2 protein chains.
Amino acid sequence: MLKEERQNMILEIIADRNKIRSAELSAHLKVSEDTIRRDLRELAEGGFIKKVHGGALANPKTPESIHRRGSAPLAEMQVIAEKVLPSIKENQVIIMDGGVIIEHLVSLLNPDISLTVFTNSILVADRLVDFSSVEVYILGGKIAGRRRVSNGIDVINMLQEVNADLCIFEISSIHADIGLTGNNRDIALTQKAMITAANHSIGLCLSERIGRIQPFRITTVNYLSYLATEVPKESGMLHSLIQKGVHFI
Amino acid sequence: MLKEERQNMILEIIADRNKIRSAELSAHLKVSEDTIRRDLRELAEGGFIKKVHGGALANPKTPESIHRRGSAPLAEMQVIAEKVLPSIKENQVIIMDGGVIIEHLVSLLNPDISLTVFTNSILVADRLVDFSSVEVYILGGKIAGRRRVSNGIDVINMLQEVNADLCIFEISSIHADIGLTGNNRDIALTQKAMITAANHSIGLCLSERIGRIQPFRITTVNYLSYLATEVPKESGMLHSLIQKGVHFI
DNA sequence: GATTTTCCTGCAAGTTTTTGCGGTATTCTA
DNA sequence: TAGAATACCGCAAAAACTTGCAGGAAAATC
């Protein structure tokens, strides 16, 4: 990997997360911590970031870092993304939904990993295109609102011909008896198609959404291979899910 | 292979991949790394790319994320976009390709216009989603490199069921006798399908690309309803096109 | 058509950049 | 304040770069 390329990646990560530790960067980019420190020093000298003991912070001057999306529970999402990361293995064919957690997940991916990814999210596709060994397929269809994902019959049609190893998607609501639900029929049908098109599925779910029920049924919980959430297993509400056979990450 | 020819290939590769190593270019173009370095140095001096230790990166100078041939034709692209703008009318169904000119065009659109747009460009789709009265459909398929457009059989399949009023696309090469051509088979076939799926088509073409011939045939010129370019009509080379029945905007 | 001139390319020698590592200093944390 | 984590420094090897040069191709000139 070229030095400048690596430094650009560091800048992107910092723009995304506002902070980063040298050790993490070293592991992620597969270079020594010394090299990372040298990079950080150069970037700091150029005024792009602020270097601190242990890593670096986003430059307080740039308004860029404040544009953080919504007031969503960022830290929790980060935790979930990190939990799911090891499930993504070299050379897999993966279907990815859109959403903030999944965008985090993508930013954690090893830049040299080789994958084939089908996604209905414009933002996820946009980011993955920069991975040189990832083949990206965008699932065509009507794009709904701000989430920037395509939904509906076209997506479902295209998924019919896909047989993926893994489907990674964000869960809007999950309930032990009712199953997975959403508040939009098209999106619900699309997610169902995604799950069906893959051998295994991992649902990413903020704990606040566990137990919630929304109008449109996606599937029952037993179609879900794994559930990734940020709370420890003991949490009461999860027990009925575990009894239903849901595995946790 | 001529030097200039080789440098153009280097530019295209960088425009597509956003980065390249000298060693790769050397192997691919079958010349020594020294020659590649000399090429990169010249291109960097012309401001077309950014040379770095080990290879080169796309030029970050240009405001938009797509880097075409240097910064020169930006003004011309603006002119073309402005010429085409009046052709887009309320309530039309439009197929849009990707490319810098088209991105300009989108940024000129009236924010309240009502349209239905099919596009294979992630960037175009991303921008159009913010228009409240525009229905955006992304054409699914494999995303090719840096241009961030989907191509190939999936796109073509999806277009089969579309019947649009207008197709707006960027022309890579046009020649009065040979017709429209491109340097990538998948893209060529995709563009052909786009043109076929619409009643009328407008090709956006920088004048420097008029008269050029590339390996893959898209269609003959008579499938083109209008050609939009930045030079006045008197220009010599255009006459043979006019005689072939091409209309100019 | 022959000759001169200019340009292009690959090679070799020497220089610079990049990177990881060991050793040491500094900073953080309990 | 001790121990751990982090940072810095200098060094060495590998990779990449620069430069000058020579053979050969292309273009210009006569």
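Here the structure is a predicted model, which is why all the values come from computation and not from measurement. Values below: all heavy atoms of this structure, side chains included; hydrogens, waters and symmetry mates excluded. Quick note on labels: first sequence line is chain A, next is B, and so on, each numbered from 1.
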Do [X] and [Y] come close enough that some side-chain heavy atom pair is under 4.5 Å?
| X | Y | result |
| --- | --- | --- |
| T35(B) | R6(B) | yes |
| H28(B) | I13(B) | yes |
| I187(B) | R147(B) | yes |

Worksheet item: Between dT18(D), dC8(D), dG20(C), which nucleotide has the shortest distance from any of its atoms to the side chain of R37(B)?
Response: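 From the listed options, dT18(D) comes nearest.
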Worksheet item: Which nucleotide in the list dC17(D), dC8(D), dT19(C) gets nearest to the side chain of K51(A)?
Response: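 Nearest nucleotide to the side chain: dC8(D).
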Length of the [atom1]-[atom2] vector between [X] and [N], whole Å:
| X | N | atom1 | atom2 | answer |
| --- | --- | --- | --- | --- |
| K3(B) | dA25(D) | NZ | P | 18 Å |
| E45(A) | dC8(D) | CD | P | 11 Å |
| D39(A) | dT18(C) | CG | P | 10 Å |
| M1(A) | dA15(D) | CE | P | 17 Å |
| E33(A) | dA4(D) | CD | P | 17 Å |
| R21(B) | dC17(D) | CZ | C1' | 14 Å |
| I36(B) | dA16(D) | CD1 | P | 13 Å |
| I20(B) | dA16(D) | CD1 | P | 13 Å |

Practice prompt. Work out which heavy atom in N151(B) is nearest to a heavy atom in A144(B); give both atom names and the distance.
Written response: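 Heavy-atom minimum between the residues: ND2-CB, 3.4 Å.
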Worksheet item: Mapping R41(B) and A23(A) to their closest nucleotides on DNA chain D, which lands nearer the 5' end?
Response: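 Looking at DNA chain D, the more 5' nearest nucleotide goes with A23(A).
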Discussion item. Test of understanding: with salt bridge (Lys or Arg N to Asp or Glu O under 4.0 Å), list the residues that count as partners of E33(B), not counting sequence neighbours.
Written reply: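 Testing E33(B) for salt bridge (Lys or Arg N to Asp or Glu O under 4.0 Å), a comparison that skips the adjacent residues, returns R37(B).
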Worksheet item: So, the side chain of N120(B) versus the backbone of S150(B): is there a donor-acceptor pair under 3.5 Å, distance only?
Response: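 Checking the backbone N and O of S150(B) against the side chain of N120(B), a donor-acceptor pair under 3.5 Å is found.
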Fill in: Below 4.0 Å: OP1/OP2 of dG20(C) and any side-chain N or O of T35(A)
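Checking dG20(C) against T35(A), a side-chain N or O does come within under 4.0 Å of OP1 or OP2.
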Under 3.5 Å, N/O pairs linking protein and nucleotides 21-26 of chain C:
| unit_1 | atom_1 | unit_2 | atom_2 | d |
| --- | --- | --- | --- | --- |
| dC21(C) | N4 | D34(A) | OD2 | 3.3 |

Worksheet item: How are the rings of Y137(A) and F118(A) set relative to one another: parallel (under 30°), tilted (30 to 60°) or perpendicular (over 60°)?
Response: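 Plane angle under 30°, so parallel.
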